[in-house]
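Quick caveat: nothing in here was measured; it's all calculated off a predicted structure. Both backbone and side-chain heavy atoms feed into the values below; hydrogens, waters and symmetry mates do not. Each chain gets a letter, A, B and so on, in the order the sequences are listed, and its residues count up from 1.
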2 protein chains.
Amino acid sequence: MESNIAIKRLSALAQPSRLAVFRLLVKAGPEGVAAGEIARLLGITSNTLSAQLNVLTNAGLISSQRDGRSIIYAANYDGMSELLVYLMEDCCQGHPEVCAPLSIAASRAACCDQPQGALS
Amino acid sequence: MESNIAIKRLSALAQPSRLAVFRLLVKAGPEGVAAGEIARLLGITSNTLSAQLNVLTNAGLISSQRDGRSIIYAANYDGMSELLVYLMEDCCQGHPEVCAPLSIAASRAACCDQPQGALS
DNA sequence: TCCATATTTCAACGATTATGGAATTATTGG
DNA sequence: CCAATAATTCCATAATCGTTGAAATATGGA
C-alpha cells in the first residue's frame, strides 16, 4: 500500500460525518444502505452527504450500486483491511515485545469467534 | 473510546509529515528519537516539526521526555491500539463472514511471531 | 555570566475543506 | 410526456490547517 493512499483513507475517516457514515455502513454489512436513508439516519443534508460519500468512495473505503431510484452504499472491507495492515506493518522491527498488546487487541477486536487456525 | 478522540487520532495521522513521523517512531521503538533527528531524517524545518509533534502528542499517539538539551519522542503503542480497536469494533454485527479477511490481515500484520495462545 | 545548541511559541499568509442553497441528472409510475 | 422522488453537481462562503520567518525559552559547557 502506498503512503498517499493511506493518507487518503485516513483523511476520509478523519471527519465526524464521514466516520459516522463509514461505521454505519460497517454495521449495516454487505447489504448496504441507500444514500437517502444514511442522510436521514445521521441528519445530514443530501448534498453534503453526497460530497462525503464521494470522498469515502475515492478513498476506496466504500462502494455503491444503483437499485431503482436509490443508490446503495456499502463498506469496502478490503480497503479497511489494507489500511489496518499499513498502520501496523512496521510495528515489530526489532521490538516484538512492544507491539504484542497491539496484536492481542487486534485479534480480540476483530471478528467475534474466528478460528485461530485461519492464519496460515 | 470516544468518537472525537478517534477523529483526533485519524486527523493526526492523515497528513504526510505526521504519518511519516509516526511510522518513524513506530520503527524506532521505545527508545525513541530526538526532535532534531526526526527533523533531519525527514527534511522538515524544526518549527514545522514542532507543530506536527504537538498534534501527534495531543492525539495521544506519541509521548516525549527530555534528555539533556534534546527532547526524545516515542510512539505510544497503546494509543494506536485503541484506534485500531475502535475502527474494527463494529465490523461483525451479524456478519462475521464479512470481516474474517480483516481479522486474518490484522493477525498477520501484527507482530511477527506472537504465540496465538496470547489471546485469552 | 556568556555563548551555542535544541526546541518551542507567535503571527501571518496561502491553500484546502466542509457546508448549504439552487439547479441538474436519473429513474419510476401515471 | 409529465410529475415525483433520489441523488448529484455547481457555486460561494466560512472555517480550518500547514508552513515559515522571527522571536523566545531551556539546557549544557566554558
- Message: According to a hydrophobic-cluster definition based on side-chain heavy atoms being under 4.5 Å apart (Ile, Leu, Val, Met, Phe, Trp, Tyr only), do A/Val55 and B/Leu87 belong together?
- Response: no
- Query: In terms of hydrophobic clustering (I, L, V, M, F, W, Y; side-chain heavy atoms under 4.5 Å; direct or indirect links), are B/Leu24 and B/Ile72 co-clustered?
  - Reply: no
Would you mind reading off the distance between [X] atom [atom1] and [N] atom [atom2], rounded to a whole angstrom?
{"X": "A/Leu19", "N": "C/dA18", "atom1": "CG", "atom2": "C1'", "value": "16 Å"}
{"X": "A/Ile7", "N": "C/dT16", "atom1": "CD1", "atom2": "P", "value": "15 Å"}
{"X": "A/Ile71", "N": "C/dA26", "atom1": "CD1", "atom2": "P", "value": "11 Å"}
{"X": "B/Asp67", "N": "C/dT7", "atom1": "CG", "atom2": "P", "value": "10 Å"}
{"X": "B/Leu49", "N": "C/dT8", "atom1": "CG", "atom2": "P", "value": "7 Å"}
{"X": "A/Gln52", "N": "C/dA18", "atom1": "CD", "atom2": "C1'", "value": "7 Å"}
{"X": "B/Tyr73", "N": "C/dT7", "atom1": "OH", "atom2": "C1'", "value": "8 Å"}

Which part of the nucleic acid, if any, lies within reach of [X] when heavy atoms closer than 4.0 Å are counted: base, sugar-phosphate only, or nothing?
{"X": "B/Arg18", "value": "sugar-phosphate"}
{"X": "A/Ser70", "value": "sugar-phosphate"}
{"X": "A/Ala39", "value": "nothing"}

- Only one of A/Val21, A/Ile38, A/Val33 passes side-chain contact (heavy atoms from CB on, under 4.5 Å) with A/Tyr73, and that residue is A/Ile38
- Item | Geometric cation-pi criterion B/Arg9 and B/Phe22, 6.0 Å radius, 45° cone |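 B/Arg9 over B/Phe22 ring: no.
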- Which sits closer to the 5' end of DNA chain C, A/Ile44 or B/Asn54, going by the nucleotide each is nearest to? B/Asn54
Would the distance check show the side chain of [X] and the main-chain N or O of [Y] forming a donor-acceptor pair, the cut-off being under 3.5 Å?
{"X": "A/Asn76", "Y": "A/Gly60", "answer": "yes"}
{"X": "B/Thr57", "Y": "B/Leu53", "answer": "yes"}
{"X": "A/Arg18", "Y": "A/Ser11", "answer": "yes"}
{"X": "B/Gln15", "Y": "B/Ser17", "answer": "yes"}

Rounded to the nearest 0.5 Å, what separates atom [atom1] in [X] from atom [atom2] in [Y]?
{"X": "A/Gln52", "Y": "A/Ile44", "atom1": "CD", "atom2": "CD1", "value": "6.5 Å"}
{"X": "B/Met1", "Y": "B/Leu84", "atom1": "CE", "atom2": "CG", "value": "9.5 Å"}
{"X": "A/Gln65", "Y": "A/Ile71", "atom1": "CD", "atom2": "CD1", "value": "10.5 Å"}
{"X": "A/Leu25", "Y": "A/Ser64", "atom1": "CG", "atom2": "OG", "value": "10.5 Å"}

Between protein and nucleic acid, restricted to nucleotides 10-15 of chain C and to nitrogen or oxygen atoms under 3.5 Å apart, what atom pairs and distances do you find?
none

- Message: By nearest heavy atom, map A/Thr48 and A/Arg69 onto DNA chain D; which one lands nearer the 5' end?
- Response: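 Its nucleotide being nearer the 5' end, the pick is A/Arg69.
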- Of residues 59-66 of chain B, the positions that come close to DNA chain C - non-hydrogen atoms, cut-off under 4.0 Å: none
- Taking any atom under 4.0 angstrom from a heavy atom of chain A, which nucleotides of DNA chain D are the first and last to qualify, 5' to 3'?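 Reading along DNA chain D, I get D/dA4 to D/dT9.
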